[in-house]
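Each ligand, and each atom within it, is numbered from 1 in the order the structure gives. Predicted model only: the values in this text are computed from it and were never measured.
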Amino acid sequence: MKRIEFSEANAKTKHPAKVVVAIVKDKNGKFNPITLEWYMKTSIKPPMFAISIGHTRYSYECIQQNRFFNLCFPSKEMIEATKLWGSKSGRDMDKLEIAGHDWFDGRLAKYPIIKDAKATFECQVITQVKSGDHTIFVGEVKYSWLDEEKEVQTVKDLM
Ligand SMILES: Cc1cc2nc3c(=O)[nH]c(=O)nc-3n(C[C@H](O)[C@H](O)[C@H](O)COP(=O)(O)O)c2cc1C
């Protein structure tokens, strides 16, 4: 055991990590998917997830305006979409449309449930806390969706 720089210790302890996608909605009603590594389950009763979104992201503006998000666990069929949603901004394009994955309306606030995903949790934002250059949004899960047949993606699938 030796003392080390944070970046090196972090790089060597973070894998394997799952990747998720939060789908948020902008002020014009356009849905915007953002790829995220920083998420966690934070409560069992009621079920809750937290996601951490950087202040420079378009999704940060969106979730401040519309207080819901769908937390999507992308399947291996969605690797190209997850890459796109994690590298381009919804400021410049309709990321959901371009990726071409079909979806249907969820039950909570009609946010998209992507048919090719492994799972989706429909969340309502309950609280938020600033964490340096990101903000953590905590969402209560209202509805859950799962496709037993699909295989979940990890961050390594994107490398
Ligand atoms: C594997 C991966 C994980 C990422 N994790 C996060 C994250 O946890 N939080 C975050 O704010 N951005 C994260 N990003 C970066 C955003 O997905 C990226 O900046 C995106 O283009 C922002 O889109 P937007 O401007 O439409 O919100 C990640 C990107 C990748 C590829």
Considering only non-hydrogen protein atoms, determine which one is nearest to [atom] and report residue, atom name and distance to 0.1 Å.
atom	result
atom 23 (O) of ligand 1	Lys95 NZ, 3.0 Å
atom 8 (O) of ligand 1	Trp38 N, 3.0 Å
atom 20 (C) of ligand 1	Trp85 O, 3.6 Å
atom 9 (N) of ligand 1	Ser52 O, 2.9 Å
atom 15 (C) of ligand 1	Arg57 NH2, 3.8 Å
atom 25 (O) of ligand 1	Ser89 OG, 2.7 Å
atom 5 (N) of ligand 1	Glu37 N, 2.9 Å
atom 14 (N) of ligand 1	Thr35 O, 3.3 Å

[X]/[Y] ion pair, N-O < 4.0 Å:
X	Y	answer
Lys76	Asp157	yes
Arg107	Glu122	no
Arg91	Glu61	yes

Salt bridge (charged side-chain N to carboxylate O under 4.0 Å, His left out) partners of Lys142, counting only residues at least two apart:
Glu140
Strictly under 6.0 Å, is that where the ring centroids of [X] and [Y] end up?
X	Y	answer
Phe104	Trp145	yes
Phe121	Tyr39	no
Phe137	Phe69	no

Could you check whether any heavy atom of Lys83 sits closer than 4.0 Å to an atom of ligand 1, since that is the contact criterion I want to use?
no
Quick check on Tyr39 - does any of its heavy atoms sit under 4.0 Å from an atom of ligand 1?
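Checking ligand 1 against Tyr39, which is what was asked, there is no heavy-atom contact under 4.0 Å.
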State whether the shortest distance between N or O atoms of Gly54 and N or O atoms of ligand 1 falls below 3.5 angstrom.
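Between Gly54 and ligand 1 (N or O atoms, distance only) the closest approach is under 3.5 Å.
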Examine Ser59 against ligand 1 and note whether any of their N/O atoms are separated by less than 3.5 Å.
yes
Which option out of Cys62, Gly86, Gly90, Ser87 puts a heavy atom nearest to atom 26 (O) of ligand 1?
Gly90
Hey, does the side chain of Ser75 reach the backbone of Asp116 with a donor-acceptor pair shorter than 3.5 angstrom?
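Yes.
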Which atoms of ligand 1 sit under 4.0 Å from any heavy atom of [X]?
X	answer
Tyr58	24 (P), 25 (O), 26 (O), 27 (O)
Asn32	24 (P), 26 (O), 27 (O)
Ile53	11 (O)

When rounded to the nearest 0.5 angstrom, what is the spacing between CD1 in Ile114 and CG in Asp147?
13.0 Å
Under a 4.0 Å heavy-atom limit, does Thr82 contact ligand 1 with its side chain, its backbone, both, or neither?
neither
Between Leu158 and ligand 1, which residue portion shows a heavy-atom distance shorter than 4.0 Å: side chain, backbone, both, or neither?
side chain
Identify the two heavy atoms, one from Tyr58 and one from Gly90, that lie closest to each other, and give their separation to 0.1 Å.
CD2-C, 3.5 Å
Using side-chain heavy atoms (C-beta onward) and a distance below 4.5 Å, is Ile51 in contact with Trp38?
no
